[in-house]
K.L.:
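Next up is a structure, given as structure tokens.
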Amino acid sequence: MKILPWEGSSVFPALCAALLTWRTSAPDTRDLPWRDEPTPYHVWISEIMLQQTRAAVVRGYYLRFLDALPSVRALAAVDDDALMKLWQGLGYYSRARNLKRAAEVIVREHEGQLPKDFDALLALPGIGRYTASAISSFAYGEPRPAVDGNFLRVAARITANAIDIAKDTSKRALESALATSYPSGREAGLLNEAFMDLGATICLPNGAPLCHTCPVAQLCLAHDRGTEQNYPVKTALKARRKEKRTVLLLSCGEKIAIRKRPARGLLAGLWEYPNIDKKLNKRAVREHLEEKGFHILDIAPLPSARHIFSHIEWDLTGWAVTVADTNEPPLMAAEDNDAAPSALLWVRRAELADTYSIPTAFGYFTPR
């Protein structure tokens, strides 16, 4: 892959020096628990959680996760359902699955310790260049810029660079341009924190940046020109595919029906309420369930909902359905994989709260 030069990079030595001074002279007001003890394991868990998720949301999850799984070996050995329950509500569940897969590799090949070597980190499931750079700098003091969205936005505005930051070549070019300006030791992590903090609290992504409080405004070419909001340039995302689904909250006595989604695809392997990939009215729901062998006692509508994934938008219709008790509850095919019918699992309401992870996409519908 050809790495193009990052336009305006001559300002980077002065920028890095000014940001490091800002980070070390001002108190850390963000109160992020993963900064208190930046061990390789703690950095890794926090950085994976912070992907696509705000720091304010991650805080509680991070503390609960480490309380339950305090080490790589504990993560490698955890039951899948217990792991998904810890992750419930964070979304992007493949992150959790990759954490466990990587932990198993670390235990098997690295004696339970995250490797210090950058390429060895990159070889682990779920770890890309940004996460590997974060672990390297925060935990091991390696001079690696951890280039994320905040980082790219700051650099693009400072240099008034119209480079497309969505392209991997742009990120690699920025890494290369910053390489000679990065310190080693604790300052490597502090400089990465400075870039992240500046982007998260001052050089904001939406609306006007807070340039009057920016410690490097005097170096910013976009600010000098009054064009801050023209940057960064980013390829427009494709329009989300829209789907209609009907969610069935089936209750039988004191139990609720759930099932596992297929092992591949969206929300792979997670528990869900039975659902159908089209919008059904009350009559159609009754007919559908009676065809499956259920004896219907009552059907009541639930409030509709909309859930947005990165590439799909679900328009959700919900029905609460009470069915008669039966010794052998009927099968209901997993609509995403009709060739492999799966038996419903009937669980008590308390088990939904304590044991089984229901993704947020289905969390709009609560058993009565």
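All residue numbers refer to positions in the sequence shown, counting from 1.
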K.L.:
Ion pair present between E351 and R349, side-chain N to carboxylate O less than 4.0 angstrom?
P.N.:
no
K.L.:
Flag yes if L316 and I308 sit in one hydrophobic cluster, no otherwise; membership is Ile, Leu, Val, Met, Phe, Trp, Tyr, and two members link when side-chain heavy atoms are under 4.5 Å apart.
P.N.:
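No: no chain of side-chain contacts under 4.5 Å links L316 to I308.
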K.L.:
Going by heavy atoms in the side chains, are L344 and P274 under 4.5 Å from each other?
P.N.:
yes
K.L.:
Just by distance, with hydrogens left out, do D197 and W22 show a side-chain donor and acceptor under 3.5 Å apart?
P.N.:
no
K.L.:
Taking all non-hydrogen atoms of both residues, which atom of P40 and which atom of Y140 are closest, and how far apart?
P.N.:
CG-OH, 3.3 Å
K.L.:
Using a 4.5 Å cut-off between side-chain heavy atoms of Ile, Leu, Val, Met, Phe, Trp and Tyr, which other residues end up in the same hydrophobic cluster as Y92?
P.N.:
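None, because no other hydrophobic side chain comes under 4.5 Å of this residue.
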K.L.:
Give a yes or no answer on whether the side chain of R261 reaches the backbone of E272 with a donor-acceptor pair at less than 3.5 Å.
P.N.:
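Side chain of R261 to backbone of E272: no pair is present.
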K.L.:
If you measure from CG on L99 to CH2 on W44, what distance do you get to the nearest 0.5 Å?
P.N.:
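Taking CG in L99 and CH2 in W44, the distance rounds to 5.0 Å.
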K.L.:
Could you work out, with salt bridge (charged side-chain N to carboxylate O under 4.0 Å, His left out) as the rule, every residue matching D80, not counting sequence neighbours?
P.N.:
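With neighbours one apart ignored, the set is K100.
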K.L.:
Please identify each residue that fulfils salt bridge (charged side-chain N to carboxylate O under 4.0 Å, His left out) with R283, with sequence neighbours left out.
P.N.:
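Salt bridge (charged side-chain N to carboxylate O under 4.0 Å, His left out) list for R283, sorted by chain: E287.
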K.L.:
Quick check against the 3.5 Å criterion: does R95 have a side-chain atom that pairs as donor or acceptor with the backbone of M49?
P.N.:
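The answer is yes, because a donor-acceptor pair under 3.5 Å joins these two groups.
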K.L.:
Is there a salt bridge (Lys or Arg N to Asp or Glu O under 4.0 Å) between E243 and R241 once you walk through the steps?
P.N.:
CA-CA 7 Å; E243 298 179 351; R241 185 173 78 250; 3.0 Å; yes
K.L.:
If I take atom OH from residue Y231 and atom OG1 from residue T159, how far apart are they, to the nearest 0.5 angstrom?
P.N.:
8.0 Å
K.L.:
Could you list all the salt bridge (Lys or Arg N to Asp or Glu O under 4.0 Å) pairs where at least one residue sits in residues 219-237, not counting sequence neighbours?
P.N.:
none
K.L.:
Looking only at side chains, do Q51 and T131 share a donor and an acceptor under 3.5 Å apart?
P.N.:
yes
K.L.:
What pairs with K244 under salt bridge (charged side-chain N to carboxylate O under 4.0 Å, His left out), at least two apart in sequence or on another chain?
P.N.:
D315
K.L.:
If we ignore angles and hydrogens, is there a donor and acceptor under 3.5 Å between the side chains of Y130 and E47?
P.N.:
yes
K.L.:
Okay, side chain of K85, backbone of Y356: is any donor-acceptor separation there less than 3.5 Å?
P.N.:
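Indeed, once roles are kept as given, a pair shorter than 3.5 Å links the two residues.
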K.L.:
Might you point out which heavy atoms bring Y61 and G89 nearest each other, and give the distance in Å?
P.N.:
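Residues Y61 and G89, closest heavy atoms: OH-CA, 3.3 Å.
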K.L.:
Identify, with sequence neighbours excluded, every residue that meets salt bridge (charged side-chain N to carboxylate O under 4.0 Å, His left out) alongside D164.
P.N.:
none
K.L.:
Kindly say whether L50 contributes a backbone atom to a donor-acceptor pair with the side chain of T53 at under 3.5 angstrom?
P.N.:
no
K.L.:
If you count heavy atoms of other groups shown closer than 6.0 angstrom to CZ of R30, is the number above 12?
P.N.:
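Atom CZ in R30 is crowded, with more than 12 foreign heavy atoms closer than 6.0 Å.
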K.L.:
State which residues pass side-chain hydrogen bond (donor to acceptor under 3.5 Å, both in side chains) with R101; sequence neighbours excluded, sorted by chain then number.
P.N.:
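Applying side-chain hydrogen bond (donor to acceptor under 3.5 Å, both in side chains) to R101 gives N98.
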K.L.:
Can you find a pair of side-chain heavy atoms, one from K260 and one from L270, that are under 4.5 Å apart?
P.N.:
no
K.L.:
Which residue pairs pass the side-chain hydrogen bond (donor to acceptor under 3.5 Å, both in side chains) test with at least one member in residues 293-313, sequence neighbours excluded?
P.N.:
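Applying side-chain hydrogen bond (donor to acceptor under 3.5 Å, both in side chains) to every pair that reaches into residues 293-313, excluding sequence neighbours, yields R306-E313, H307-Y364.
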K.L.:
In terms of relative ring orientation, are F362 and Y273 parallel, tilted or perpendicular, with 30° and 60° separating the classes?
P.N.:
perpendicular
K.L.:
Are more than 12 heavy atoms from other residues, nucleotides or ligands located less than 6.0 Å from atom CD of E254?
P.N.:
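Atom CD in E254 is not crowded, with 12 or fewer foreign heavy atoms closer than 6.0 Å.
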K.L.:
Counting C-beta onward and ignoring hydrogens, is there a side-chain heavy-atom pair between L19 and L15 closer than 4.5 Å?
P.N.:
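A side-chain contact under 4.5 Å exists here.
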K.L.:
Which heavy atom of F365 sits nearest to which heavy atom of G318, and what is that distance?
P.N.:
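It is CE2-CA, 3.6 Å.
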K.L.:
With heavy-atom distances below 4.5 Å as the criterion, would you say the side chains of I135 and I127 are in contact?
P.N.:
yes
K.L.:
Show the nearest heavy-atom pair for residues A55 and L32, with the distance to one decimal.
P.N.:
CB-CD2, 4.1 Å
K.L.:
Could you go through residues 102-126 and list every donor-acceptor pair under 3.5 Å that involves a side-chain atom there, pairing it with any protein atom two or more places apart or in another chain?
P.N.:
{"unit_1": "D117", "atom_1": "OD2", "unit_2": "D119", "atom_2": "N", "d": "3.2"}
{"unit_1": "D117", "atom_1": "OD2", "unit_2": "A120", "atom_2": "N", "d": "2.9"}

K.L.:
With no hydrogens and no angle check, is any side-chain donor or acceptor of T246 less than 3.5 Å from a backbone partner on T317?
P.N.:
no
K.L.:
What is the distance from atom CG of N161 to atom OG of S170, rounded to the nearest 0.5 Å?
P.N.:
8.0 Å
K.L.:
With distance as the sole test, does R59 use its side chain to make a donor-acceptor pair with the main-chain N or O of W34 at under 3.5 Å?
P.N.:
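No, the answer is negative, given that no donor and acceptor are paired below the 3.5 Å cut-off.
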K.L.:
Please tell me whether I45 and V57 are part of a single hydrophobic cluster in this structure, the criterion being side-chain heavy atoms less than 4.5 Å apart.
P.N.:
yes
K.L.:
Quick check: do F309 and I312 have side-chain heavy atoms less than 4.5 Å from each other?
P.N.:
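Side-chain contact under 4.5 Å: yes.
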K.L.:
Might you point out which heavy atoms bring R157 and P205 nearest each other, and give the distance in Å?
P.N.:
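Answer, listing the atom of R157 first, then P205: NH2-O, 4.4 Å.
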K.L.:
Pairs under 3.5 angstrom only: tabulate donor-acceptor contacts from the side chains of residues 184-193 to other protein residues two or more places apart or in another chain.
P.N.:
{"unit_1": "N192", "atom_1": "OD1", "unit_2": "A146", "atom_2": "N", "d": "2.9"}
{"unit_1": "N192", "atom_1": "OD1", "unit_2": "Y182", "atom_2": "OH", "d": "2.6"}
{"unit_1": "N192", "atom_1": "ND2", "unit_2": "S137", "atom_2": "OG", "d": "2.9"}
{"unit_1": "N192", "atom_1": "ND2", "unit_2": "R144", "atom_2": "O", "d": "2.9"}
{"unit_1": "E193", "atom_1": "OE1", "unit_2": "R23", "atom_2": "NE", "d": "3.0"}
{"unit_1": "E193", "atom_1": "OE1", "unit_2": "R23", "atom_2": "NH2", "d": "2.6"}

K.L.:
Going from CD on E7 to CG on L221, what distance comes out if it is rounded to the nearest 0.5 angstrom?
P.N.:
9.0 Å
K.L.:
Report the distance from atom CD of Q229 to atom CG of L204, rounding to the nearest 0.5 Å.
P.N.:
10.0 Å
K.L.:
Throw together a table of side-chain donor-acceptor distances under 3.5 angstrom for residues 62-72, partners on residues two or more places apart or in other chains.
P.N.:
{"unit_1": "S71", "atom_1": "OG", "unit_2": "A74", "atom_2": "N", "d": "3.1"}

K.L.:
Does a salt bridge link K171 with E175, judged by any charged N lying under 4.0 Å from a carboxylate O?
P.N.:
no
K.L.:
Quick check: does any side chain N or O of T39 sit under 3.5 Å from a backbone N or O of H42, one acting as donor and the other as acceptor?
P.N.:
yes
K.L.:
Can you hop from L210 to I158 via hydrophobic side chains spaced under 4.5 Å?
P.N.:
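Hydrophobic grouping puts L210 with I158.
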K.L.:
To the closest 0.5 Å, what do you measure between NZ (K255) and CG (L352)?
P.N.:
12.0 Å
K.L.:
What pair of heavy atoms forms the shortest contact from L83 to A96, and how long is it?
P.N.:
CD2-O, 3.4 Å
K.L.:
Can you list every pair that meets salt bridge (Lys or Arg N to Asp or Glu O under 4.0 Å) and has a residue in residues 198-223, with sequence neighbours left out?
P.N.:
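Output for this query is empty, none listed.
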